[in-house]
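Read through the structure below, which is laid out as structure tokens, and then see the notes.
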Amino acid sequence: MKRIVFATNNAHKLAEVKAVLGSDYELVTLKEVDITEDIPETGATLDENASIKAQYVYSRTGLDCFADDTGLEVEALDGAPGVRSARYATDGHDFAANNRKLLRELEGKTNRKARFRTVISLIRNGVEQQVEGIVEGRIATQEAGCGGFGYDPLFVPEGKDVTFAEMSAEEKNAISHRGRAVAALVKIL
Ligand code: IMP
């Protein structure tokens with residue numbers, strides 16, 4: 001089994017990525033390589049942030065690693081919250097406040113088109129490569145479901161009539177931005 005560091009301590013993400021990556025890889029978290037501080041996410045784009053995080057882990061550990069950065073891009077809001085998705089309403093990761101703000105910003109708007117985009121930076125043998133995964137959809141007018149995390153109760157993927165939060169983890173992974181980005185990652189690994 002090959003070891004690879006995934007630059008996260010988020011249990012939801014870890015489980016999602018494990019399910020797609022299968023049993024060929026032993027996923028190692030930040031805690032397990034003694035990185036306990038927050039890695040600065042100072043990039044202006046998802047691509048920059050994914051790269052900053054992966055390079056940080058590589059410089060600290062010298063191990064093969066990957067980092068992801070995800071944003072929800074809402075068409076009527078010119079791509080917001082985008083790279084600021086985690087800190088849309090507050091400085092912290094307050095999912096409930098973010099969802100309330102998103103509903104407020106979209107009040108009265110008929111265009112509710114949105115997409116999730118995940119960028120993954122992989123560093124293998126010191127060489128960096130990027131892949132991305134996108135899922136198109138729309139923002140519902142009220143929250144539904146209690147699965148997943150973040151904007152899941154508001155995001156209805158294209159071709160479905162339920163939110164990500166109403167789907168099983170398997171259903172979400174099969175079509176999600178992160179599922180698709182990880183599938184692209186597996187292809188190049
Ligand atoms: P991160 O870059 O993966 O940490 O994602 C940034 C923010 O995007 C998170 O704090 C969530 O608000 C949101 N987000 C990322 N992935 C998902 C998802 O799969 N569902 C819902 N929201 C997500």
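As the structure lists them, so they are numbered: ligands from 1, and atoms in each ligand from 1. FYI, side chains are in, hydrogens and waters are out, and symmetry mates aren't considered; it's all heavy atoms of this structure.
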#### Entry: Closest contact, heavy atoms only, R112 versus A140
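Looking at all heavy atoms of both residues, the closest pair is NH2-O, 3.1 Å.
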Closer than 4.0 angstrom, basic N to acidic O: yes or no for [X] and [Y]?
X    : Y   : result
R117 : D47 : yes
D69  : K53 : yes
R3   : D64 : no

### Task
For residues L30 and T36, determine if any side-chain heavy atom of one lies less than 4.5 Å from a side-chain heavy atom of the other.
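The answer is no, as the side chains (C-beta and beyond) never meet within the 4.5 Å cut-off.
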### Message
For a 4.5 angstrom cut-off between non-hydrogen side-chain atoms, does E158 reach K113?
### Response
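E158 vs K113: side chains apart.
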[atom]: the protein heavy-atom neighbour that sits closest, reported with distance to 0.1 Å:
atom                    : value
atom 20 (N) of ligand 1 : D152 OD1, 2.6 Å
atom 8 (O) of ligand 1  : S85 CB, 3.5 Å
atom 14 (N) of ligand 1 : F149 CE1, 4.0 Å
atom 12 (O) of ligand 1 : Y151 CE1, 3.3 Å

#### Entry: Part of F155 with heavy atoms under 4.0 Å of ligand 1, whether side chain, backbone, both or neither
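Neither; no heavy atom under 4.0 Å.
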### Query
Which one holds for Y88 and ligand 1: side chain close, backbone close, both close, or neither close, with close meaning a heavy atom under 4.0 Å?
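None of Y88 does.
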Find all atoms of ligand 1 within a distance of less than 4.0 Å from any non-hydrogen atom belonging to [X], and give their numbers and elements.
X    : value
H93  : 10 (O)
K172 : 18 (C), 19 (O), 20 (N)
R178 : 16 (N), 17 (C), 18 (C), 19 (O)
H177 : 16 (N), 17 (C), 18 (C), 19 (O)
F116 : 20 (N), 21 (C), 22 (N), 23 (C)

#### Entry: Closest to atom 5 (O) of ligand 1 (judged by heavy-atom distance), picking from D68, D69, T70
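When every heavy atom of D68, D69, T70 is considered, T70 comes closest to atom 5 (O) of ligand 1.
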### Message
Going by the closest heavy atom to atom 1 (P) of ligand 1, which one wins out of K53, R84, K13?
### Response
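Comparing heavy atoms across K53, R84, K13, the nearest one to atom 1 (P) of ligand 1 lies in K13.
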### 4.0 Å heavy-atom contact, F95 with ligand 1
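It does, in that a heavy atom of F95 comes within the 4.0 Å cut-off of ligand 1.
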### Query
Under the salt bridge (charged side-chain N to carboxylate O under 4.0 Å, His left out) criterion, do K2 and D24 qualify, and how do the steps go?
CA-CA 7 Å; K2 292 163 238 169; D24 286 353; 5.7 Å; no
### Verdict with reasoning, Y56 to E37, per side chain to side chain donor-acceptor pair (under 3.5 Å)
CA-CA 11 Å; Y56 186 96; E37 68 277 20; 2.5 Å; yes
### Task
For the residue pair F164 and F116, categorise the inter-ring angle as parallel (less than 30°), tilted (30 to 60°) or perpendicular (more than 60°).
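If you compare the ring of F164 with that of F116, the planes turn out parallel.
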